[in-house]
Structures are given as structure tokens and as C-alpha cells.
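Read the structure below first, then the notes.
Read the numbers this way: they start at 1 and go in the same order the structure lists the ligands and their atoms.
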Amino acid sequence: MKLSDELCRILQETRTVCVLTGAGISAESGVPTFRGAEGLWKKFRPEELANFDAFIRNPQLVWEWYNYRRQLIETVTPNQGHIALARIEQGVDDFTLITQNVDNLHRRAGSKNVLELHGNIMQSYCIECGAKDDHPDFSGENKVPRCKTCGGLVRPDVVWFGEMLPQHVFEEAERAAQRCSLFICVGTSAIVYPAASLPMTAKQAGAYTIEVNIERTEQSRIFDETLLGKAGDILPSIADSIQLIKGVKA
Ligand code: BV8
Ligand code: ZN
């Protein structure tokens, strides 16, 4: 994709880059988004599944949904969009990747400085004693895993609606958005808060803000540029420009 002269100029000068990703960056790996045409929310409503009350009411249904996603994620691989972000991280001095995704694909693509705002689907913990259990046992009653320490219910280590984001993680994300000179928002409908407040935070702090999405979003009007297209097509062009300019070899 041909980048604007202004963006190429910014890429030559920028030292600090902050990226916010959503489900759209994993779509080309075969992971369904939430709100797209064949999105995960089409079959289930978020209120039914991604909240604590739904889990207490029907832990088996919620685990069925998360196990379906865990098994799918184990079969997919990072795509050119994930890989390009890992390359950009190599090409600048200060890079922060903030993700709403819980699929671990950024780390698998080689990204190092990753802030998982909504947790990680491959991790679990006990709701009673908090003990981590990353290999929960589903062979028990109702196929709902129990804590090996206290027998309490084990839940996915993700942030549900109505739950606080991990405070230190979100504070670090806000600091990164405030100090960056280039903010790239990729593959998110930008409607879930507080994650969706980060583009405005970056803009108000003076960053050049760009949105990469296959369609315009509710927040498109606040970005300096919206690059319409697939993350796997557009992000490599950005990585090539930064690396070419910085002369960093992959
Ligand atoms: C909190 C769980 C408070 C993990 C998720 C009214 C107004 C404002 C806010 C609220 C409100 N009512 C309630 C709230 C708060 C609520 C919220 O924001 N609700 C929204 C829906 C209105 N937020 C919360 O509850 C948060 N907590 O606020 O706590 C609090 C305060 C004090 C004390 C206690 C509590 C918690 C939010 C986290 C919720 N958890 N998931 C999981 O199972 O995954 S949210 C869910 O949506 C996912 O985590 C996902 O990350 C997130 C965002 O979705 P996207 O990633 O954007 O995905 P989506 O499908 O929507 O969009 C995909 C995009 O990609 C599209 O734009 C598409 O065009 C694009 N795309 C597709 N293919 C490609 C592509 N782009 C590029 N290339 C492609 N190939
Ligand atoms: Zn326990």
C-alpha cells in the first residue's frame, strides 16, 4: 500500500510508537472477530457469556465458549499483521503494543512489549483463592474445572464486562499513549471502554494518529488518517518504511 507523504515523513522522524490492536488483527489468522458478519457475538450475546454473573449462572456454557476459542487459537498462527508489528518494534527506540485480544498471537509473532488489557485466554484462576491454574482439569462434574487447592470454581483469566482492567497494565498503556509520537490503532471497532479511550489520549497528547481497518469506525473522525484495508496488507508497508528509514535489518 502507498503511504501518504505525511505518514512517510512521520515514520522518518518518529522515535516512540504506540499500537492498540483489536480482534481484527487476528481475523486473517482465522480467529473470528466479535462484531463482524460471522462474529463470535452473532451466535452468542456478550451479556450471556463475557460477564461474571453469566459464569456463576452457567459456568459450563461459558467454559464451552472459551474452550471452543482456546482450541481454535491453538490451531492458528500469527499473520503478516502480527509479524509486521514485531518488526516495527525492532525498528524504533520506544515501542508499546497494547492489545484487547486474549489470543496470545502477538507474543507468538515475536512482539516483546505487549500489554494485554483484557487478559489471556490461555490462563485461568480460582475465583475463591485466586490460585493460577493454566492447565485446568475439565474431566470433573459438569466439565467445569475446580481449584486443585481449595475446590473453588476456576475461570478464564480474561476481563469480563463490568470488571476492572488490570490497573497497572492500563496505567502503563495510558502512559505509552501519552508519550508516543505515532499512535496506530488496528482492527478494533473502538467501542469497548476504557481501551477505546486510548486513541483520544494519544491525540490530545500530540501524537500523529492512524487507524488501520477494513471499514471506518465510530472513532474514525478523530484519527489523522484512516488506512482502509486489511492489517496483513497495510502493516508490512508501515514496517518496511520504518525499517528502510532506520536501516534496521530484520
Ligand atoms: C469496565 C472479554 C468498569 C475477553 C471483553 C456505556 C458506555 C461506555 C462504556 C460502557 C457502557 N456500558 C458499559 C460500559 C463499560 C464496558 C463497555 O465499554 N461496553 C461497551 C460495549 C459499550 N466496558 C467494560 O465493562 C470494561 N470494564 O468498564 O469496568 C468498572 C469500573 C469500576 C469498577 C468496576 C468496573 C471491560 C471491557 C472488557 C470486556 N471484555 N472480552 C474475551 O472474551 O475476549 S470485550 C470484547 O470486545 C473483546 O475483549 C474485544 O477485545 C473487545 C473489543 O472488540 P474488538 O477487538 O474491537 O473486536 P470487534 O469484533 O468489535 O471489531 C473488530 C474490528 O476489526 C472491526 O472494526 C472490523 O472492521 C475490523 N477488522 C476485521 N477484519 C480486519 C479488520 N481490521 C483490519 N484487518 C482485518 N483483516
Ligand atoms: Zn482455590
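- The proximity of Ser189 to ligand 1, defined as any non-hydrogen pair under 4.0 Å, involves the side chain as well as the backbone.
- Counting non-hydrogen atoms of neighbouring residues, nucleotides and ligands closer than 6.0 angstrom, the CG atom of Asn142 exceeds 12 such neighbours.
- Residue Tyr66 has at least one nitrogen or oxygen atom sitting less than 3.5 Å from a nitrogen or oxygen atom of ligand 1, judged on distance alone.
- Interface of Glu28 with ligand 1, defined as ligand atoms under 4.0 Å from a residue heavy atom, comprises 78 (N), 79 (C), 80 (N).
- Side chains of Thr217 and Glu211: a donor on one and an acceptor on the other come within 3.5 Å.
- Asp133 has a carboxylate O that lies under 4.0 Å from a charged side-chain N of Lys148, or vice versa, which qualifies the two as a salt bridge.
- Set against the non-hydrogen atoms of Trp160, the atoms of ligand 1 under 4.0 Å away are 36 (C), 39 (C).
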_Pair Lys203, Asp224 - check salt bridge (Lys or Arg N to Asp or Glu O under 4.0 Å), show working._
CA-CA 9 Å; Lys203 183 173 188 62; Asp224 293 298; 3.7 Å; yes

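- Remark: among candidates Ala231, Ala190, Ala23, Gly119, the nearest residue to atom 78 (N) of ligand 1 is Ala231, based on non-hydrogen atoms.
- The contact set between ligand 1 and Ala27, taken as ligand atoms under 4.0 Å from a residue heavy atom, comprises 73 (N).
- Of the heavy atoms in Gln100, both backbone and side-chain atoms come closer than 4.0 Å to ligand 1.
- Contacts between Ile191 and ligand 1, counted as non-hydrogen atom pairs separated by less than 4.0 Å, involve the backbone only.
- Side-chain contact between Ile25 and His106 is present, with at least one heavy-atom pair separated by less than 4.5 Å.
- Between Tyr193 and ligand 1, at least one N/O pair is under 3.5 Å apart.
- Not one N or O of Ala50 is nearer than 3.5 Å to an N or O of ligand 1, by distance alone.
- Contacts between Glu163 and ligand 1 below 4.0 angstrom, taking non-hydrogen atoms only, involve the backbone exclusively.
- Of the candidates Ser26, Ser197, Gly162, it is Gly162 that places a heavy atom closest to atom 25 (O) of ligand 1.
- Of the inter-residue distances, the one linking Leu3 atom CG with Ile234 atom CD1 reads 8.5 Å to the nearest 0.5 angstrom.
- Considering Gly187, Gly81, Pro194 only, the shortest heavy-atom separation from atom 76 (N) of ligand 1 involves Gly187.
- Between Lys143 and Trp63 there is no side-chain heavy-atom pair separated by less than 4.5 Å.
- By the criterion of a heavy-atom distance under 4.0 Å, both the backbone and the side chain of Asn213 are placed next to ligand 1.
- Taking the six-membered ring where tryptophan is involved, the planes of Phe34 and Trp65 are perpendicular, since the angle between them exceeds 60° and thus also 30°.
- Residues Pro194 and Leu165 form a side-chain contact, since some pair of their non-hydrogen atoms from C-beta on lies under 4.5 Å apart.
- Interface of Gly22 with ligand 1, defined as ligand atoms under 4.0 Å from a residue heavy atom, comprises 56 (O).
- For the side-chain contact (heavy atoms from CB on, under 4.5 Å) test with Val62, the passing option among Asn67, Leu49, Asn51 is Leu49; the others fail.
- In the vicinity of Glu215, heavy-atom distances shorter than 4.0 Å reach the ligand 1 atoms 69 (O).
- Protein N/O/S atoms closer than 2.8 Å to the Zn ion (ligand 2): Cys126 SG, Cys129 SG, Cys147 SG, Cys150 SG.
- Smallest separation of non-hydrogen atoms from Asn101 and Ser26: ND2-OG, 3.7 Å.
- Residues Leu235 and Gly81 come closest through the heavy atom pair CD1-O, 3.6 Å.
- Of all the atoms in ligand 1, the ones that sit under 4.0 Å from a non-hydrogen atom of Arg69 are 42 (C), 43 (O), 44 (O).
- Sorted by first and then second residue, the ring-ring contact (aromatic ring centres under 6.0 Å, His included) pairs with a member in residues 182-237 form an empty list; sequence neighbours excluded.
- Atoms of ligand 1 lying under 4.0 Å from at least one heavy atom of Met164, given by number and element, are 30 (C), 31 (C), 32 (C), 33 (C), 34 (C), 35 (C).
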*Please assess Ser124 against Arg155 for the test side chain to side chain contact (heavy atoms under 4.5 Å, CB included), listing each intermediate value before the final yes or no.*
CA-CA 5 Å; Ser124 313; Arg155 61 166 281 177; over 6 Å; no

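- The nearest pair of heavy atoms linking Gln100 to His118 is O-ND1, 3.2 Å.
- Atoms of ligand 1 found under 4.0 Å from any heavy atom of Thr188 (numbered from 1 in listed order, with element): 55 (P), 57 (O), 64 (C), 65 (O), 67 (O).
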